[in-house]
Amino acid sequence: MNPILIVDDNEQIVEILSRYIAAEGWPLLCARSGEEALSLFDAADPSVILLDILLPGIDGLEVLEELNKLEHRPKVLIL
């Protein structure tokens, strides 16, 4: 089972989403910036990405543009 990747710089949102996802038994990764999200995507191949638009550095829309260039694209939900 591939992990779910939460990409958000708001610690409270990450904590709440993490609790719900972990309770369902899914493996979980968290990124606090667009750069970190792209790095984790390359390393872990998540099946779903929960993506905030307002991120430090590369914003969520730029992350989405990079992911759309890939042949194998994960499901992305915008927060």
Side-chain angles (χ1 to χ4, degrees):
M1 182 178 338
N2 290 14
I4 293 176
L5 174 58
I6 299 172
V7 184
D8 202 310
D9 60 333
N10 184 314
E11 190 63 40
Q12 291 176 325
I13 291 173
V14 171
E15 184 179 323
I16 291 167
L17 291 173
S18 295
R19 273 193 246 146
Y20 282 105
I21 292 167
E24 294 298 321
W26 282 90
L28 176 67
L29 295 169
C30 300
R32 304 292 190 266
S33 69
E35 294 87 354
E36 186 179 5
L38 291 172
S39 176
L40 285 174
F41 176 80
D42 287 339
D45 191 30
S47 55
V48 175
I49 299 176
L50 304 177
L51 179 63
D52 183 24
I53 295 298
L54 300 174
L55 295 169
I58 298 175
D59 68 24
L61 293 176
E62 291 176 82
V63 171
L64 191 56
E65 285 178 20
E66 290 300 315
L67 294 175
N68 283 333
K69 293 176 185 177
L70 303 173
E71 185 175 317
H72 167 69
R73 287 179 266 166
K75 294 178 184 172
V76 177
L77 301 172
I78 305 296
L79 301 176

Run Asn68 and Leu64 through side-chain contact (heavy atoms from CB on, under 4.5 Å) and show every step you take. CA-CA 6 Å; Asn68 283 333; Leu64 191 56; 3.9 Å; yes
Just do the side-chain contact (heavy atoms from CB on, under 4.5 Å) check on Ile53 and Ile78 with the steps written out, would you? CA-CA 7 Å; Ile53 295 298; Ile78 305 296; 3.4 Å; yes
Evaluate side-chain contact (heavy atoms from CB on, under 4.5 Å) for Val76 paired with Val63, printing each intermediate quantity in order. CA-CA 10 Å; Val76 177; Val63 171; over 6 Å; no
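Rounding to the nearest 0.5 Å gives a distance of 10.5 Å between CG of Leu29 and OG of Ser39. Atom SG of Cys30 is separated from atom CD1 of Ile4 by 10.5 Å, given to the nearest 0.5 angstrom. If you take CG on Leu28 and CZ on Arg19, they are separated by 12.5 Å, rounding to the nearest 0.5 Å. Between Asp42 atom CG and Leu70 atom CG the span is 7.5 Å, to the nearest 0.5 Å. In this structure, CG on Leu17 lies 4.5 Å from CD1 on Ile6, to the nearest 0.5 angstrom. The distance from atom NZ of Lys75 to atom CG of Leu50, rounded to the nearest 0.5 Å, is 12.5 Å.
Leu79 and Asp52 make their closest contact through O-OD1, 4.0 Å (heavy atoms, listed as atom of the first residue, atom of the second, distance). Annotation for Ala44 and Pro3: closest pair O-CD, 3.8 Å, computed over non-hydrogen atoms. Nearest heavy-atom pair across Ser33 and Pro56 is CB-O, 3.9 Å. Pairing each heavy atom of Ala31 with each of Leu40, the nearest pair is CB-CD1, 3.9 Å. Counting all heavy atoms, side chain and backbone alike, Asp9 lies closest to Leu55 at N-CD2, 4.0 Å. Contact record, Pro27 with Met1: CG-O, 3.5 Å, taken as the closest heavy-atom pair.
Follow the hydrophobic side-chain contacts under 4.5 Å out from Phe41 and you reach Val7 in the same cluster. Under a hydrophobic clustering in which Ile, Leu, Val, Met, Phe, Trp and Tyr are joined whenever their side-chain heavy atoms come within less than 4.5 Å, directly or via other members, Ile49 and Ile21 fall into different clusters. Note on Leu77: it does not cluster hydrophobically with Ile16, by side-chain heavy-atom contacts below 4.5 Å among ILVMFWY residues. Linking Ile, Leu, Val, Met, Phe, Trp and Tyr whenever their side-chain heavy atoms come within less than 4.5 Å puts Leu67 and Leu61 in one cluster.
Not a single donor-acceptor pair under 3.5 Å links the side chain of Glu15 to the backbone N or O of Glu11. Side chain of Glu35 to backbone of Ile58: a donor-acceptor contact under 3.5 angstrom is found.
Checked for salt-bridge contact, Glu65 and Lys69 miss the test: no charged N lies under 4.0 Å from a carboxylate O.
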